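Right, one structure below, let's go through it.
On a predicted model such as this, the values are computed, not experimentally measured, just so you know. Residue numbering restarts at 1 for every chain, and letters A, B, ... go by the order of the sequence lines. For the numbers below, each heavy atom of this structure counts, side chains included, while hydrogens, waters and symmetry mates do not.
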Amino acid sequence: MKQHNLDINNLQKDEKDTVSTMERREFLKMGLVITGVFAGGTIFSAVSNMNKVFASPEEAAAKYPYKPHYSMALRQDRCIDCERCMDACIITNNVPEYGYRTRILQKDTPDAIGQKTEFIPMLCNQCNNPPCVRACPTKATYKHKTNGIVMMEYKKCIGCKTCVVACPYNARYFNEEKHAIDKCNFCYDTRLSKGEKLTACAAACPAGVRIFGDLSDPDSDVYKLIHQIEKPVWVLRPEVGAKPNVFYMKG
Amino acid sequence: MPNELKPVKVSEIVKDVTQSFDSGVASNWYSNLMEFLSGSKSFYALLVLTGIIVFVSSFTTLNALNIGYRHAYNVTREIPWGILISTYIFFVVTSTGLCIVSSIGHVFGIKDFMPIAKRAVFLSIVTITAGFTVIFFEIENPFRMALYNVISPGLTSNIWWMGTLYGAYMFFMAVEYVFLLLNKHSIAMYAGLSGLLTGLAAHSNLGAIFGMLHAREFWYGPYLPIYFIVSALASGCAAIIIFTYLGYKVNNERMDRPMERAMEVVAKLGALMVAVLIFFNVWKIITGLVAGPGKQEAIAAMLSGPYAFNFWFFEFFLGMLLPFALFLYSKGKNIQMMFLASVLMTIGIFIMRYDLVVIGQIVPSFHELGVNEYQGLLGYRPSFYEIMVVIAGMGIVALTFLMGERVFKGHKSEIH
């Protein structure tokens, strides 16, 4: 919890107008610590749900809607912005120079004590309630029935770009070569379906930022990272209610 | 001699076909063509001018297809919807509005509205065609749409419903117009009613495309599907006044008493709808001021930021306040003043659509995360090619309107 206390100290030194957002974020993290531990299967709802307490991890795991329930935990404080994940993604998935499936955002906090820069990796959050899938007029984008990955069937895409506007995570772009919207699919076609256990980005990361695995498997690393109480776990833009499967944490 | 009999037979068949239509439409078409060819010089000058505009803009636009939309258009990953989406909305709003206003007389039998109905139905088909033309150049794979809309329908998607319902709407409006021409009014009435219902459903779905995107605070909520219907009525009233006024100018005729009365009631309805629009806008702003940060920033951009001029001058002053005052001041009698009010309102509404689409996207997805990449608001300016598509759409409306006025003899209605 050292990291946590440090954040609160920084908070007091922050400008007045940033305090409210910081506070909100802290509050959210605390809420997620609680839900993350006790809510088990409801963690992906990212909403406090104290009443649902599961007897065992197995029971909690059974509540996940997919098997394997692919998920990624991003230990963002370990990210050094080497961008090997981005390079690996580009090579593996043949991503053109004008687009990206994953990227690393940078956040500077000049008033912070000590470290002043954070790197925040971003990719498709493979939401359980994906706004893009709901909005697609031709079912060109859909949830994979067994593993929950948000997939594209390129030939059905009409290029209306509603999914691009609908996505809360800016995870989609129009790929000219494919004549369709393209997005991260956890390397399903290029790696997972060929027997690989990790996505290209997770395999390429030298700092152990991207922990990929089956959130419904109590033995997986991602399960262990999400179902613990020592460190806060959060998701991006929980207010949208998309129920993302990409989690963020520090430490 | 068989050689002598033959032409007689053909003319008899023609006569039969002609008689099979109640009002002898086939011979009307012939006289229509003659009439079309007997217009004034200024009419043909206008016709040629709009023809050239459509020709040039269409060919320029086809070039955009060739070089790829990513290069031709200024839309980005962050702002994927630009002026083509807003212009599409502008045209289909106008079409739906024309349909609703025409239905007041034609479907619901309010006599005062009847003289405008025929022209309104014709123009609703024209404007939706222009809308479809614009969206054809917006969507990356329009031909795939025709196929997969049918064999892989996304029933949770508002785009699917809107596209399908607008397809049905266009069909019903075309049927209505054909039966109006044939003077079969009861069939036309049912087609008109079907067109009205599908048009309303399609149009509120268009609003819901935006209203159901829960990641976009500026749009999200039940406001837009409802607002779209109200603004369609406002647009429809303005469009009818503009095109009726111009139609009488083109045909060099004076309005008769029932038409003057129709203009008066349309202007009154238009003024009422502008008042409702002002009411809607006031509450959009007030609720926006206490919304989440994403919506607050968008509202601030509209009220005092980069879109303030668009909002205050075009949307509010030209689009609402001035037309409302002019409509009232004209008392429904001064047709020039009503025409001016309608033109200003239409310009305002065009900008209203643009702002609605663009402002909904200027606050980046990760704005609140506080990352360096998305500190400020995003920007968008239409490209040359995008503007050419808009001009092509406008040109199609102008050209078809002019041709329609001559071919269909000023859309005179037989019902009185």
Discussion item. For the aromatic rings, using the six-membered ring if either is Trp, is the centroid distance between F143(B) and F136(B) under 6.0 Å?
Written reply: yes
Discussion item. Only pairs of heavy atoms separated by less than 4.5 Å count here; which of I85(B), T156(B), I151(B) has the most with chain A?
Written reply: T156(B)
Response to the item:
When the 4.5 angstrom heavy-atom criterion is applied to Y142(A) and chain B, the contacting part is neither
Fill in: Aromatic contact, Y385(B) with Y73(B) (centres under 6.0 Å)
no
Worksheet item: Does a sphere of radius 6.0 Å around OH in Y98(A) hold more than 12 heavy atoms from other residues, nucleotides or ligands, not counting ones at 6.0 Å or beyond?
Response: yes
Worksheet item: Between E176(A) and chain B, which part of the residue has a heavy atom less than 4.5 Å away: side chain, backbone, both or neither?
Response: side chain
Practice prompt. Enter the distance from W81(B):CH2 to K161(A):NZ here, rounded to the nearest 0.5 Å.
Written response: 10.5 Å
Discussion item. For chain A, which candidate among E373(B), R216(B), M145(B), Q375(B) shows the most heavy-atom pairs at distances under 4.5 Å?
Written reply: E373(B)
Worksheet item: Which one, T76(B), N372(B), L213(B), leads in non-hydrogen pairs under 4.5 Å with chain A?
Response: N372(B)
Worksheet, complete the sentence: Comparing Y148(B), W219(B), W160(B) against chain A, the one with the most heavy-atom pairs below 4.5 Å turns out to be Y148(B)
Item to complete: Can you tell which part of P153(B) gets under 4.5 Å to a heavy atom of chain A, answering side chain, backbone, both or neither?
Response: backbone
Worksheet item: Which atom pair, heavy atoms only, marks the closest approach of V357(B) to G82(B)?
Response: CG1-O, 3.9 Å
Response to the item:
Answer key: most heavy-atom pairs under 4.5 Å with chain B among V133(A), V240(A), V165(A), T162(A) is V165(A)
Discussion item. With chain B as the partner, which of C157(A), P131(A), A166(A) has the greatest number of non-hydrogen pairs under 4.5 Å?
Written reply: C157(A)
Discussion item. Under 4.5 Å from any heavy atom of chain A, what part of W161(B) do you find: side chain, backbone, both or neither?
Written reply: neither
Worksheet item: So what's closer than 4.5 Å to chain A heavy atoms on Q361(B): side chain, backbone, both or neither?
Response: side chain
Worksheet item: Among C136(A), C167(A), A180(A), which residue forms the greatest number of heavy-atom pairs with chain B at distances under 4.5 Å?
Response: C136(A)
Worksheet item: With a 4.5 Å heavy-atom cut-off, do V92(B) and L206(B) have their side chains touching?
Response: yes
Item to complete: Tell me, out of A146(B), G154(B), S152(B), who's got the most heavy-atom pairs with chain A below 4.5 Å.
Response: S152(B)
Item to complete: Could you look at R70(B) and say if it's the side chain, the backbone, both or neither that has a heavy atom under 4.5 Å from chain A?
Response: both
Worksheet item: So, do Y169(B) and Y166(B) have ring centers that fall under 6.0 Å from each other?
Response: yes
Worksheet item: How are the rings of Y354(B) and Y380(B) set to each other: parallel, tilted or perpendicular (split at 30° and 60°)?
Response: tilted
Worksheet item: Quick one: CD1 on I120(A) to CG on L369(B), what's the gap to the nearest 0.5 Å?
Response: 4.0 Å
Fill in: Atom group of F119(A) that falls short of 4.5 Å from chain B, counting heavy atoms
neither
Practice prompt. Measure R134(A) against the heavy atoms of chain B and call it side chain, backbone, both or neither at under 4.5 Å.
Written response: both
Discussion item. Just checking Y223(B) against F280(B), ring centres under 6.0 Å apart?
Written reply: yes
Item to complete: May I ask you to name which of T164(B), V75(B), I139(B), V150(B) has the most heavy-atom pairs under 4.5 Å with chain A?
Response: I139(B)
Discussion item. If I measure from the heavy atoms of chain A, does M212(B) come under 4.5 Å with its side chain, its backbone, both, or neither?
Written reply: both
Worksheet entry | Which portion of I181(A) sits near chain B, non-hydrogen atoms under 4.5 angstrom | neither
Worksheet item: Taking everything shown except F59(B) itself, do over 12 heavy atoms lie less than 6.0 Å from its CZ?
Response: no
Discussion item. Is F210(B) close to chain A through its backbone or its side chain, or both, or neither, when contacts mean heavy atoms under 4.5 Å?
Written reply: neither
Fill in: Parallel, tilted or perpendicular: ring planes of F132(B) versus Y88(B), cut at 30 and 60 degrees
parallel
